[in-house]
Engineer: 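Quick one: the structure is below, questions incoming.
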Amino acid sequence: MIQHKTTNRLAASLVLAAGLSCFSISAVPRLSGAETNMSADAQSFAGSQSCRECHERFYQLWSTSFHGLAMQPYSDALAKEKLAPQKEDLVIDGIRYRAEVGEGQGWVLETGPEGTKKFPIAHALGGKNVFYFLTPLEKGRLQTLPVAYDVKKGEWLNMAASGIRHFPGERRPEEPFNWKEWPYTFNTACYGCHVSQLSSNYDPQTDTYHTTWAEPGINCETCHGPSAAHNAIARVTPKGQPLPDLKIISTKTMTRDQRNDLCASCHAKATAPLISNYTPGDRFFDHLRIPS
């Protein structure tokens with residue numbers, strides 16, 4: 001992993017290939033401590049399974065949606081249903097890459113001057129337009145693998161093909177980002193919109209991550225807040241009676257701006273995550289972490 005170093009002059013604009021968002025990066029610092037989109041105590045979250053007791057239909061709709069499957073463990077079943085074999089190697093910076101996704105496989109093969117290496121596929125991201133894949137690297141990093149799968153075309157592509165580092169004001173050519181650099185590290189970039197109740201747990205002393213999350217995908221509590229208190233009051237309320245207090249965030253009562261701000265927490269495609277005390281219903285720009 002190439003360590004990111006802050007400079008005053010370096011600015012980069014990065015366009016992730018085939019459907020990922022455009023964003024600019026200018027000396028973005030790593031996050032330290034436990035960063036999460038929910039400030040509530042972890043014990044106040046009950047998990048999406050708890051919603052099934054009363055909301056089975058909505059649970060089924062959610063669990064099979066692109067929100068529920070924003071990130072999922074890689075498996076033979078997923079590969080068989082969603083992916084096609086990679087017909088030709090992709091050559092990136094003189095190194096050949098091939099995703100091997102047959103039964104019992106599940107890795108990306110890298111072949112170069114130093115030999116051959118397998119990078120296991122641990123997780124799949126997305127799937128509406130493109131599947132991206134994560135592999136574990138040193139110091140707790142989950143890295144986006146260099147090959148991705150175009151769902152619409154049914155073909156494999158270079159994930160980092162359009163990631164370009166610009167040097168404004170300097171007479172030097174643009175440089176491509178290598179897939180092992182920090183903009184493609186899950187713990188520092190795309191984590192907040194693919195898993196729920198995440199803590200990056202970055203240790204600046206050792207430059208190491210101990211990242212944890214409650215559930216893969218965007219769960220019910222991401223948009224409705226912690227549900228443990230809601231579940232408790234629902235269980236003691238007689239069936240057919242309205243709850244005396246919802247004890248949860250209802251999107252039905254939100255204004256249009258509140259709903260837009262809630263969706264913007266992911267769909268604004270900002271590289272800077274929201275600060276940890278953001279709660280659904282809050283103003284988006286009041287909680288946006290500005291890189292410095």
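The model shown is predicted, which means the values in this text are computed figures rather than measured ones.
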Engineer: Quick one: do Q86 and Y97 satisfy side-chain hydrogen bond (donor to acceptor under 3.5 Å, both in side chains)? Show the steps, please.
Structural biologist: CA-CA 10 Å; Q86 184 177 336; Y97 293 95; over 6 Å; no
Engineer: In terms of hydrophobic clusters joined by side-chain contacts under 4.5 Å, are V151 and L90 together?
Structural biologist: yes
Engineer: If you look at every heavy atom in I249 and M254, which pair is closest and at what distance?
Structural biologist: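 I249 and M254 have their closest heavy atoms at CG2-CE, 3.6 Å.
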Engineer: Do I248 and I233 sit in the same hydrophobic cluster, where Ile, Leu, Val, Met, Phe, Trp and Tyr count as joined when their side-chain heavy atoms come under 4.5 Å apart?
Structural biologist: yes
Engineer: Hey, any chance F133 and I92 share a hydrophobic cluster, counting ILVMFWY side chains that come within less than 4.5 Å of each other, even indirectly?
Structural biologist: yes
Engineer: Might you point out which heavy atoms bring G154 and A84 nearest each other, and give the distance in Å?
Structural biologist: O-CB, 4.3 Å
Engineer: Are Q143 and T135 linked by a side-chain donor-acceptor pair shorter than 3.5 Å?
Structural biologist: no
Engineer: According to a 4.5 Å side-chain heavy-atom criterion applied to Ile, Leu, Val, Met, Phe, Trp and Tyr, with indirect links allowed, do L109 and W156 form part of one hydrophobic cluster?
Structural biologist: no
Engineer: Closest heavy-atom contact between D89 and R96?
Structural biologist: OD2-NE, 3.2 Å
Engineer: Do M71 and L134 have side-chain heavy atoms sitting under 4.5 Å apart?
Structural biologist: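 They are in side-chain contact.
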Engineer: State whether F186 and R141 meet the cation-pi test: NZ (Lys) or CZ (Arg) under 6.0 Å from the six-membered ring centroid, and within 45° of the perpendicular axis.
Structural biologist: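 No, R141 and F186 do not form such a contact.
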Engineer: Considering only NZ, NE, NH1 and NH2 on the basic side and carboxylate oxygens on the acidic side, decide whether E181 and R165 come within less than 4.0 Å.
Structural biologist: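 Salt bridge: yes.
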Engineer: If you look at every heavy atom in A79 and Y74, which pair is closest and at what distance?
Structural biologist: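 It is CB-OH, 3.3 Å.
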Engineer: Are the charged groups of E53 and R235 less than 4.0 angstrom apart, N to O?
Structural biologist: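 Looking at E53 and R235, the cut-off is met.
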Engineer: Please determine which of C51, S227, S44 meets the side-chain contact (heavy atoms from CB on, under 4.5 Å) test together with E221.
Structural biologist: S227
Engineer: Provide the closest heavy-atom pair for T222 versus P280 in the form atom of the first, atom of the second, distance.
Structural biologist: O-CG, 3.4 Å
Engineer: Decide yes or no on side-chain hydrogen bond (donor to acceptor under 3.5 Å, both in side chains) for D76 and Q105, but give the supporting numbers first.
Structural biologist: CA-CA 8 Å; D76 282 348; Q105 295 180 315; over 6 Å; no
Engineer: Please check if the distance between the ring centroids of F45 and W213 is under 6.0 Å.
Structural biologist: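 Not under 6.0 Å, so no.
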Engineer: Please determine whether side-chain hydrogen bond (donor to acceptor under 3.5 Å, both in side chains) holds for the pair Y202 and D207, giving the CA-CA distance in whole Å, both sets of side-chain angles, and the decisive distance to 0.1 Å.
Structural biologist: CA-CA 7 Å; Y202 175 65; D207 189 26; 2.7 Å; yes
Engineer: Quick one: do L246 and S250 satisfy side-chain contact (heavy atoms from CB on, under 4.5 Å)? Show the steps, please.
Structural biologist: CA-CA 8 Å; L246 279 180; S250 173; 4.1 Å; yes
Engineer: Search all heavy atoms of A148 against all heavy atoms of V130 and return the closest pair with its distance.
Structural biologist: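 The pair with the smallest heavy-atom distance is CB-CG1, 3.8 Å.
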